[in-house]
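The structure under discussion appears below in the form of structure tokens.
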Amino acid sequence: MKLLVCGGAGFIGSTFTRLRLKDHGDEVTVLDKLTYAGREENFHDIAEKPGFRFIRGAVEDREAVTAALDAASPEAIVNFAAETHVDRSIAEPDAFVTTHALGTYVLLEAAREHGVRYLQVSTDEVYGSIDAGTFTEESALRPSSPYSATKTGADLLVQSYFHTYGLPAVICRGSNNYGPYQYPEKLIPLMILNALHGDSLPVYGDGMQVRNWIHSTDFSRAIGHVLEHGTPGEVYNAGGPDEEANIAVVRRIIELAGARDSQIEHVTDRPGHDRRYSLSSEKVRALGWAPQVRFEDGLAQTVEWYRENAWWWEPIRSGDYRTYYERQYGRSLQP
Ligand code: NAD
Ligand code: TYD
């Protein structure tokens with residue numbers, strides 16, 4: 001297939017791009033704005049591969065999107081482009097509204113004009129929090145944060161283009177991803193790097209919030225399945241095999257990284273913090289997908305990846321991230 005992958009320089013987008021180039025022989029053009037979270041380093045092992053092309057540009061920029069479509073002549077657009085950190089959406093929601101609402105709109109218009117299939121990468125956070133039981137694709141949408149609210153708006157826009165214009169569009173909603181190349185503002189890479197550096201491990205509130213963890217290669221395979229076998233107009237959830245409380249995740253990381261329990265620090269809770277996410281993946285399993293990576297194994301591999309790939313995270317940890325960290329946590333990182 002020929003694909004235009006928007007937001008492909010980020011964590012999951014680059015994992016998906018790698019998978020499609022290597023395992024499926026696809027031609028992939030990435031369109032990415034390269035925000036703080038998007039990095040050309042994420043293409044270090046695929047940049048020279050035949051079939052790979054990178055274009056820097058924003059999804060809300062019509063000219064950039066048209067140029068990318070002309071260069072790629074894709075059969076499908078896969079949209080990962082997003083601002084993705086809940087804490088940043090609470091501090092500064094602007095870019096979330098622009099990228100998710102306007103960006104998705106510009107891509108949908110372009111897909112319609114060029115007669116191209118469309119896949120929107122979405123999140124379980126659109127359903128809000130669930131104390132018991134599991135969200136299905138039929139569950140009500142009750143987003144809590146500016147991040148999840150703007151992602152929900154994007155999903156609704158995608159569905160409106162299917163209903164109104166017949167655009168062959170599908171949505172794939174993932175649970176919390178982890179794995180190599182994840183920017184260290186998110187729970188797992190933040191805790192791994194802090195554990196390895198002897199920094200404190202900032203657990204929000206009581207740490208009993210539960211997340212459903214999926215490895216980024218499993219989510220990328222689910223997106224590929226939905227792209228190839230999904231029915232236009234439908235939504236498909238893709239959750240991981242394991243749910244775990246944050247504090248238990250942090251304890252596992254302490255053990256794997258050889259850190260100390262005394263590094264744990266319970267800090268002020270996130271405003272509007274969702275207590276639990278849980279996702280039923282029956283519908284995408286019926287398409288032949290199943291997660292392959294158990295959390296226990298994937299987490300151990302992820303800790304090893306961060307241990308062995310300081311070249312990837314050192315420039316982040318010594319750059320603007322330090323300012324972000326100080327603003328968010330009110331303390332500095334170890335040099
Ligand atoms: P990420 O923050 O690592 O990467 C986002 C990418 O989008 C970056 O490369 C960034 O430069 C790019 N981008 C941002 N704004 C852009 C714009 N206006 N135009 C073009 N490019 C832009 O995020 P991620 O974790 O890889 O998430 C990718 C997608 O998956 C997002 O849509 C996110 O909502 C969804 N998702 C993420 C998770 C998770 O746990 N990380 C779970 C479910 C769904
Ligand atoms: P995060 O990785 O930001 O993903 P999301 O908010 O999309 O689920 O956070 C995962 C969980 O970890 C969430 O319950 C918030 C919590 N958390 C902490 O306790 N401390 C931290 O420093 C971070 C970044 C997150």
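Position 1 is the first residue of the sequence, and the numbers go up from there. Counting starts at 1 for both ligands and their atoms, in listed order.
- Contact check on K283 versus E234 returns a salt bridge, with a Lys/Arg side-chain nitrogen under 4.0 Å from an Asp/Glu carboxylate oxygen.
- Protein residues with a heavy atom closer than 4.0 Å to ligand 1 are G7, A9, G10, F11, I12, D32, K33, L34, T35, A37, G38, G57, A58, V59, E60, F80, A81, A82, T84, T99, V121, S122, T123, Y147, K151, G174, S175, N176, N177, listed by chain and number.
- If you run side-chain contact (heavy atoms from CB on, under 4.5 Å) between V86 and each of P271, S148, P146, S145, only S145 comes through.
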Which N or O atoms of ligand 2 sit under 3.5 Å from a protein N or O, and how far apart is each pair?
residue  : atom   : partner : partner atom : Å
ligand 2 : 2 (O)  : L187    : N            : 2.8
ligand 2 : 3 (O)  : R270    : NH2          : 3.0
ligand 2 : 4 (O)  : N176    : ND2          : 3.4
ligand 2 : 6 (O)  : R270    : NH1          : 2.5
ligand 2 : 6 (O)  : R270    : NH2          : 3.4
ligand 2 : 7 (O)  : E125    : OE2          : 2.5
ligand 2 : 8 (O)  : N176    : ND2          : 2.9
ligand 2 : 8 (O)  : R211    : NE           : 2.7
ligand 2 : 12 (O) : N246    : ND2          : 3.3
ligand 2 : 14 (O) : R211    : NH2          : 3.1
ligand 2 : 14 (O) : N246    : ND2          : 2.8
ligand 2 : 14 (O) : H273    : NE2          : 2.7
ligand 2 : 19 (O) : Y204    : N            : 2.9
ligand 2 : 20 (N) : P202    : O            : 2.8
ligand 2 : 22 (O) : P202    : O            : 3.3
ligand 2 : 22 (O) : Y329    : OH           : 2.6

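- Under the 3.5 Å distance criterion, with hydrogens and angles disregarded, no donor-acceptor pair is assigned to the side chains of Y147 and D87.
- Around CD of E228, the count of heavy atoms belonging to other residues, nucleotides or ligands within 6.0 Å exceeds 12.
- In this structure, R112 is positioned above the aromatic face of Y165, its NZ or CZ under 6.0 Å from the six-membered ring centre and within 45° of the axis.
- A salt bridge does not link E255 with R252: none of the charged nitrogens is closer than 4.0 Å to a carboxylate oxygen.
- Both tests hold for R39 against W312: distance to the six-membered ring centre under 6.0 Å, angle to the ring axis within 45°.
- For the 3.5 Å distance criterion, the side chains of E265 and S200 qualify, holding a donor opposite an acceptor.
- Side-chain N/O atoms of S144 and R142 include no donor and acceptor closer than 3.5 Å.
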